[in-house]
Protein chains: 2
Amino acid sequence: MSLKERKVAEKKEEIIRMAIHVLSEKGYHGTTMEEIATNLLMTKGTVYYYFKDKQELLYHSQIMLLNRSLQQIQEVKQQQIPVEEKLKKSIIAHIEYLLEERSGFELMLKPEQIFSSEQLAVIFKLRDTYGEFFDQMITEGIEENVFHAADVKVVRNIILGAMNWVTQWYKEDGQKSRKELAEDIAVYLQRILIKQEENKWK
Amino acid sequence: MSLKERKVAEKKEEIIRMAIHVLSEKGYHGTTMEEIATNLLMTKGTVYYYFKDKQELLYHSQIMLLNRSLQQIQEVKQQQIPVEEKLKKSIIAHIEYLLEERSGFELMLKPEQIFSSEQLAVIFKLRDTYGEFFDQMITEGIEENVFHAADVKVVRNIILGAMNWVTQWYKEDGQKSRKELAEDIAVYLQRILIKQEENKWK
DNA sequence: TAGAAAATTAACTTGACAGTAAAAATAGGA
DNA sequence: TCCTATTTTTACTGTCAAGTTAATTTTCTA
């Protein structure tokens with residue numbers, strides 16, 4: 001029983017991964033169920049055996065991506081390091097993950113066009129939880145007087161925007177590795193918040 | 001003759017504007033020519049009379065948006081003000097325009113999925129020109145020693161990303177007006193580059 | 001190893017939408 | 001007012017992809 005269930009789950013995951021892959025290249029409407037299936041050497045019917053319809057498949061793709069992101073940031077959060085370090089690590093982790101999946105994320109842009117309101121509720125909840133992690137870090141930094149006071153929500157979204165935009169312009173051409181890029185961006189974004197060294201001399 | 005031509009041009013523009021509007025809500029594949037037409041109280045056939053096909057219509061939508069952006073930033077560029085002010089004004093203008101059209105821009109995200117390579121070349125050229133304005137300001141600021149040295153390309157894209165992301169999260173609910181929001185974001189983004197006041201006291 | 005349950009396929013239906021073409025309406029000048 | 005250009009509509013075709021269904025194959029178990 002559990003074995004069989006695991007097999008089904010595995011298959012589902014396989015399909016979801018491919019869906020993420022294809023969807024990211026062609027967008028929701030540009031992707032056909034047939035194409036997803038063919039890429040996995042199966043037929044459309046099989047995909048429909050595991051997923052009710054295209055929407056549901058895409059929905060699960062989003063959930064998987066979001067959950068993995070959440071897991072990552074949760075790990076960072078638990079570490080016993082200064083808050084500015086946490087923020088930096090979170091930014092780096094986010095960008096690296098984004099570039100790895102360079103993709104699925106891109107269809108997160110207009111979910112209202114696609115999902116049912118129940119599905120949207122779940123997606124937005126997860127997104128929000130993710131965003132709140134950043135809020136917490138920012139607030140913490142402000143309270144500890146490491147960061148400038150700021151409109152937390154605005155700053156959070158500046159950071160998210162700058163990070164998520166990376167897929168739009170970064171080319172994997174060797175100029176800068178993903179890691180280097182992520183670190184650079186983290187440093188620049190930190191500047192928005194961190195109080196300068198100079199203050200310590202006053 | 002010229003009068004007739006102007007009439008045609010006006011009609012085309014009317015269609016383009018509606019196309020931008022509908023496309024922005026539903027995305028490229030989610031938008032039908034019929035819908036664009038119906039919204040303008042005309043029939044699909046009329047739209048095809050003015051535009052060869054859907055792709056061409058969308059293409060012209062993009063060009064219009066980009067050209068208007070360019071015009072705006074060019075105006076800012078010509079002003080005789082300090083470079084950090086120029087940057088700030090450019091950011092504010094960009095965000096305000098973005099929120100006004102809250103829309104058409106969103107389909108700029110994956111143009112490769114839609115346009116022919118000739119069309120793409122034009123679009124990318126315009127985009128690039130736009131980006132270069134920011135590069136110039138950043139470089140200028142660094143040379144004048146007003147800004148920190150930085151990887152210009154990375155910083156430019158952080159700024160663009162943070163700005164363009166606004167459509168994803170800003171709600172027109174009165175908490176903050178567009179103008180206030182734009183100004184706040186400009187201030188935060190400036191911090192990435194501007195050398196702090198404190199330096200003057202060293 | 002028989003036979004049921006699960007998984008897969010092939011062939012089909014359906015609907016939607018891009019694009020077309022010819023007819024109809026509207027204008028504007030002679 | 002008639003005639004020609006332009007503009008608009010109507011009704012159509014063709015295609016493509018989502019989703020279905022029944023038949024077939026595979027897998028598992030008693």
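Quick note on labels: first sequence line is chain A, next is B, and so on, each numbered from 1. Bear in mind that the values here come from a model prediction, so they are computed numbers and not experimental data.
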> What is the nucleic acid contact for B/Phe51, judged by heavy atoms within less than 4.0 Å: base, sugar-phosphate only, or nothing?
Replying inline: nothing
> Nearest-Å distance, NZ (B/Lys7) to P (D/dA5)?
Replying inline: 19 Å
> Side chains of B/Gln79 and B/Lys89: donor-acceptor distance under 3.5 Å anywhere?
Replying inline: yes
> Reckon A/Thr46 has a side-chain N or O less than 4.0 Å from the OP1 or OP2 of C/dT9?
Replying inline: yes
>> With a 3.5 Å limit on both atom pairs, tell me what C/dT26 is paired to, counting Watson-Crick and G-U wobble, or say none.
In response: none
> Checking all strands, does B/Thr32 fall into the base, sugar-phosphate, or nothing category for heavy-atom contacts under 4.0 angstrom?
Replying inline: sugar-phosphate
> When we call it a touch if two heavy atoms are under 4.0 Å apart, what does A/Lys11 touch: a base, just sugar-phosphate, or nothing?
Replying inline: sugar-phosphate
> Starting at OH of B/Tyr49 and ending at P of D/dT10, how long is that distance when rounded to a whole Å?
Replying inline: 17 Å
> Among C/dA18, C/dA7, C/dA10, which nucleotide sits nearest the side chain of A/Tyr50?
Replying inline: C/dA7
> Please give, in whole Å, the distance from C/dA7 C1' to A/Met42 CE?
Replying inline: 10 Å
> Should we say atom CD of A/Gln175 is surrounded by more than 12 heavy atoms from elsewhere, each under 6.0 Å from it?
Replying inline: no
> Within the modelled atom types, does a donor on one side and an acceptor on the other bring the side chain of B/Lys44 and the base of C/dA18 under 3.5 Å apart?
Replying inline: yes
> What's the CD-P distance between B/Glu34 and C/dA18, to the nearest Å?
Replying inline: 8 Å
> Taking atom C1' of C/dT9 as reference, at what distance in whole Å does atom CG of A/Leu41 sit?
Replying inline: 14 Å
> Whom does D/dA5 pair with, Watson-Crick or G-U wobble, provided both distances fall under 3.5 Å?
Replying inline: none
> In whole angstrom, what separates A/Met33's CE from C/dA11's P?
Replying inline: 20 Å
> In terms of side-chain heavy atoms, does A/Glu34 have a donor or acceptor partner in A/Thr32 at a distance below 3.5 Å?
Replying inline: no
>> Given D/dG19, C/dA6, C/dC17, identify the nucleotide with an atom nearest to the side chain of A/Lys54.
In response: D/dG19
> Syn or anti: how is D/dA17 classified when any glycosidic angle within 90° of 0 counts as syn?
Replying inline: anti
>> Counting only side-chain heavy atoms from C-beta out, which of D/dT9, D/dA18, C/dT20 sits nearest to A/Tyr48?
In response: D/dA18
> So with a 6.0 Å cut-off around NZ of B/Lys26, is the heavy-atom count from everything else above 12?
Replying inline: no
> Nearest-Å distance, NZ (B/Lys12) to P (D/dT7)?
Replying inline: 11 Å
> Looking only at side chains, do A/His21 and A/Asn39 share a donor and an acceptor under 3.5 Å apart?
Replying inline: no
>> Rounded to whole Å, please give me the gap between CD1 in A/Ile36 and P in C/dT8.
In response: 16 Å
